[in-house]
There are 2 protein chains.
Amino acid sequence: MITIDLDSSEPLFNQLIIQIKKTIENRLLKPGDSLPSIRQLAAELDINSKTVAKAYRLLERDNVLVSKGYRGTFVHPKAEENLQVNIKEWLDTELPKDVARYRAAGATDSEIRIAFNQAISKTGN
Amino acid sequence: MITIDLDSSEPLFNQLIIQIKKTIENRLLKPGDSLPSIRQLAAELDINSKTVAKAYRLLERDNVLVSKGYRGTFVHPKAEENLQVNIKEWLDTELPKDVARYRAAGATDSEIRIAFNQAISKTGN
DNA sequence: AGTTGTACCAGCGTGTCAAATGGTACATAT
DNA sequence: ATATGTACCATTTGACACGCTGGTACAACT
């Protein structure tokens, strides 16, 4: 159902995200269905449970999954609508535009990096 | 005239920039005046010429200095006006606003960093 | 010849970060 | 007891960037 390629350059947690989304897209998993538990899936794939937890956590933030604590993790009721609504993809379109703006102002890549690191290190989350 | 603190955490090239600006601000250097050559200043301070060249290059971009090739480097005619007009400072106000925007969208600092690195590594300068 | 700024090439030391691993613990439920 | 998601602690690995150094070379000028 879900496979993992340890030799891929794609991070494991992201492989999980992609495949879970695809499974929902193909309707093999429907809204309300339960997913394997974090530890269970980690054991099947022989990877660390934290890695699975990370994938679940990110998918929950994007409203693709819903965690119900000790009752397990489920497919979000409106999961299908949110398969595309991806913060990662939004960042991937937004950030290059901003970087282009900095460069147009004459800033060096090095300067941009330094200013970025300062900006993100202050009041981080 | 210009001193360097090798033990400071402040990068050498930035120490140079700060001190050259201050010298112009104190009118010890006026528009049109010539600066010591890159190699000359590097020899006096016993640092690498590339470090001095970097400081000069950045100051020229900010219109504080003007390089005239084999004729040397001079204080920009309108240097005094441009002592404050700093791309670095502009970045320091612009980037935090953008980062705040990303965070408001729900992005993790880690995600922002990754997207940023991808954005800036493609077509770098 | 000597000097100017500039442009390449490379390397080193340091630090930071992402990704993943491992362990432990907790409250809440069956 | 057992299982759930979650939250801490920690370490390791690899990659990458910065700041700085060093060498070499070039065209243009005195």
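Just so we're on the same page: letters track the sequence lines, and every chain starts at 1.
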- Message: Classify A/S49 by what it touches in the nucleic acid, base, sugar-phosphate, or nothing, heavy-atom distance under 4.0 Å.
- Response: nothing
- Message: By nearest atom, which of the nucleotides D/dT6, D/dC20, C/dT6 is closest to the B/E60 side chain?
- Response: C/dT6
- Task: Determine yes or no for a side-chain-to-main-chain donor-acceptor pair under 3.5 angstrom, with A/Q15 supplying the side chain and A/D5 the backbone.
- Result: yes
- Message: From CD of B/Q40 over to C1' of C/dG5, roughly how many Å is that when rounded to an integer?
- Response: 14 Å
- Query: Are A/L95 and B/I120 side-chain neighbours, meaning at least one heavy-atom pair lies under 4.5 Å?
  - Reply: no
- Query: Taking the side chain of A/T51 as heavy atoms from C-beta outward, which of D/dC18, D/dT6, C/dT21 is closest to it?
  - Reply: C/dT21
- Note on the structure: In whole angstroms, the gap separating P of D/dG19 from CG of B/L6 amounts to 16 Å
- Task: Taking only the side-chain heavy atoms of A/N48 (C-beta and beyond), determine which of C/dA18, D/dT21, C/dG22 contains the nearest atom.
- Result: C/dG22
- Select one nucleotide: of D/dT21, D/dC18, C/dA19, the one nearest the side-chain heavy atoms of B/I47. D/dT21
- Task: Could you tell me the separation between the CD1 atom of A/I120 and the P atom of C/dT16, rounded to a whole number of Å?
- Result: 15 Å
- Query: How do A/Y70 and A/E111 order along DNA chain D: which one's closest nucleotide is nearer the 5' end?
  - Reply: A/Y70
- Check the distance between D/dC20's P and B/F13's CZ and give it to me in whole angstrom. 6 Å
- Please state whether the base of C/dG5 and the side chain of B/R39 form at least one donor-acceptor pair under 3.5 Å? yes
- Item | Close side-chain approach of B/L16 and B/L12, heavy atoms under 4.5 Å | no
- Query: Could you give the CG-to-P distance, from A/L65 to D/dT4, as a whole number of Å?
  - Reply: 16 Å
- Message: Under the criterion salt bridge (charged side-chain N to carboxylate O under 4.0 Å, His left out), I'd like the reasoning laid out for A/K88 against A/D92: C-alpha separation, chi angles, the key distance, then a yes or no.
- Response: CA-CA 6 Å; A/K88 181 175 175 294; A/D92 286 345; 3.7 Å; yes
- Message: Could you tell me how far apart B/D5 (CG) and D/dC20 (P) are, to the nearest whole angstrom?
- Response: 12 Å
- Message: Counting only side-chain heavy atoms from C-beta out, which of D/dG5, C/dT6, C/dA19 sits nearest to A/K54?
- Response: C/dA19
- Respond yes when some side-chain nitrogen or oxygen of B/S37 is under 4.0 Å from OP1 or OP2 of C/dT3, and no when none is. no
- Task: Compare all side-chain heavy atoms of A/L41 with those of A/L35 and state whether any distance is below 4.5 angstrom.
- Result: no
- Query: Of the candidate nucleotides D/dG5, C/dT6, D/dG19, which contains the atom at the shortest distance from the side chain of B/I38?
  - Reply: C/dT6
- Item | d(NZ, B/K68; C1', C/dT3) in whole Å | 17 Å
- Item | Presence of A/S67 side-chain N/O under 4.0 Å of D/dG5 phosphate oxygens OP1/OP2 | no
- Item | Short side-chain N/O contact to D/dG19 OP1/OP2 from A/S110, under 4.0 Å | yes
- Query: What orientation do A/Y102 and B/W90 show, parallel under 30°, tilted 30 to 60°, or perpendicular over 60°?
  - Reply: perpendicular
- Task: Starting at atom CZ of A/R113, determine the distance to atom C1' of C/dC17, rounded to an integer number of angstrom.
- Result: 13 Å
- DNA chain C: 5'-proximal contact among A/N117 and B/R71 (nearest heavy atom): B/R71
